[in-house]
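Just so you know, these numbers come straight off a predicted model, no measurement behind them.
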Amino acid sequence: KLHTFVLLSFLATTLLAAAYPKDDVKEVESERQDVTGYWFMYDLGRDPTGIVYLYEYNGRIYGRTLVTIHKHLNVVETYDKPKFRSQHIEGKPFSTGQDIIWNLSWDPKKRKYVKGYILDPRKKKPYYVDLWREGDKLKVFGNIGGGLGAVITWKRAQASDLPLGTPPITKKLVPKIYYTVKKEWQ
C-alpha cells in the first residue's frame with residue numbers, strides 16, 4: 001500500500017508540474033519586452049535631454065544617441081550633424097551618435113534587460129543599467145554600484161519626433177562602443 005501511495009503521489013505531482021510549469025523559460029522568453037525603437041531621454045529633470053534609438057544586436061540591447069538637447073546652450077545636436085566631442089573618451093568621438101547603452105541581456109526571471117552599461121557622455125565612466133517597460137514608458141535604472149542609483153522614466157518617441165531634416169534609422173545598426181570597460185566594471 002505504501003508503494004502504491006508513493007507511486008500515485010509521484011504521478012500526481014509530475015502531472016501537476018507538467019500542467020502548471022513555474023519556470024517555463026520558453027514561455028517567459030516569448031514574453032520578452034520589446035524596448036527597441038525611439039525613446040526620449042531624461043535626466044533627473046522634466047524636460048527631455050535627447051532621443052536615443054534602442055536596437056538589438058546579437059541578442060543584446062544597445063542604444064545610440066540620435067539627438068542631444070543642450071538646453072543651457074539652446075542647441076539641438078543630431079547624429080547626422082554632430083557638433084560636440086566627448087573630451088574624456090579616447091579619440092574624442094562626437095557625443096551625439098555614440099552608443100551610450102550597451103550589452104544588456106534579457107533575464108526571463110526578472111523580466112527585464114540586465115547587466116548592461118550606460119554612459120553619461122559628460123561623465124568619465126559608465127554605470128550599470130537595467131531596462132524594463134511599464135506600458136509605453138521605459139524604466140532606466142542607472143546603478144552606481146551596490147544597488148545604489150536611480151530609476152528614470154523615458155517616454156516613447158517616434159521617427160517623426162526627430163528634428164526636421166534628420167534622417168530616421170532605416171538600416172540595421174552595428175554597435176559603436178568607444179568606451180573600454182575596465183576590470184572593475186566587469
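Applying the side chain to side chain donor-acceptor pair (under 3.5 Å) rule to Asn58 yields no partners; only residues at least two apart in sequence or on another chain are considered. Judged as a side chain to side chain donor-acceptor pair (under 3.5 Å), and not counting sequence neighbours, the contacts of Thr68 are Thr96. Residues satisfying the ring-ring contact (aromatic ring centres under 6.0 Å, His included) test with Phe40, not counting sequence neighbours, are none. By the salt bridge (charged side-chain N to carboxylate O under 4.0 Å, His left out) test, Asp136 is found to be paired with no residue, residues two or more places apart in sequence or in another chain being considered. Among residues two or more places apart in sequence or in another chain, the ring-ring contact (aromatic ring centres under 6.0 Å, His included) test is passed with Tyr79 by none.
Listed by first then second residue, pairs satisfying ring-ring contact (aromatic ring centres under 6.0 Å, His included) with a partner in residues 42-65 read Tyr38-Tyr53, Tyr55-Tyr62, not counting sequence neighbours. Applying the salt bridge (Lys or Arg N to Asp or Glu O under 4.0 Å) rule to pairs touching residues 79-100 yields Arg64-Asp99, sequence neighbours excluded.
Checked against His70 for a side-chain contact (heavy atoms from CB on, under 4.5 Å), the options Val75, Thr49, Val76 give a single hit: Val75.
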Candidate pair Leu66 and Thr78, rule side-chain contact (heavy atoms from CB on, under 4.5 Å), full reasoning
CA-CA 6 Å; Leu66 301 182; Thr78 60; over 6 Å; no
Show, in sequence, the C-alpha distance, side-chain angles and deciding distance for Glu134 and Lys112, and conclude whether the salt bridge (Lys or Arg N to Asp or Glu O under 4.0 Å) test is met.
CA-CA 11 Å; Glu134 287 184 9; Lys112 60 182 165 181; over 6 Å; no
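Considering all non-hydrogen atoms of both residues, Asp130 and Leu104 come closest at CA-CD2, 4.2 Å.
Side chains of Tyr117 and Tyr127 form no contact here, defined as non-hydrogen atoms less than 4.5 Å apart. A heavy-atom distance below 4.5 Å is not found between the side chains of Pro48 and Met41.
For the atom pair Ile69 CD1 and Glu77 CD, the distance stands at 11.0 Å (nearest 0.5 Å). Note: Leu131 CG to Lys139 NZ = 12.5 Å, rounded to the nearest 0.5 Å. Between the OG atom in Ser95 and the NE2 atom in His88 there is a gap of 9.0 Å [rounded to 0.5 Å]. Here Leu138 contributes atom CG and Trp154 contributes atom CH2; the two are 6.5 Å apart, rounded to the nearest 0.5 Å. Interatomic distance, Thr153 OG1 to Lys137 NZ, rounded to the nearest 0.5 Å: 7.5 Å. Atom-to-atom distance recorded for Gln33:CD and Arg111:CZ is 6.0 Å, nearest 0.5 angstrom.
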Just distance, no hydrogens or angles: give the donor-acceptor pairs under 3.5 Å from side chains in residues 161-177, sequence neighbours left out.
unit_1	atom_1	unit_2	atom_2	d
Asp161	OD2	Gln158	N	2.8
Thr166	OG1	Pro163	O	3.0

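The hydrophobic cluster around Phe94 extends to none of the other residues, as no ILVMFWY side-chain heavy atom falls under 4.5 Å of it. With a 4.5 Å cut-off between side-chain heavy atoms of Ile, Leu, Val, Met, Phe, Trp and Tyr, the cluster of Val151 takes in Trp132, Phe141.
Both cation-pi conditions hold for Arg156 and Trp39: the charged atom is under 6.0 angstrom from the six-membered ring centre and inside a 45 degree cone around its axis.
Using a 4.5 Å cut-off between side-chain heavy atoms of Ile, Leu, Val, Met, Phe, Trp and Tyr, with links allowed through other members, Ile61 and Val114 fall into different hydrophobic clusters.
Side-chain atoms of Arg60 do not come within 3.5 Å of backbone N or O of Trp102 as any donor-acceptor pair.
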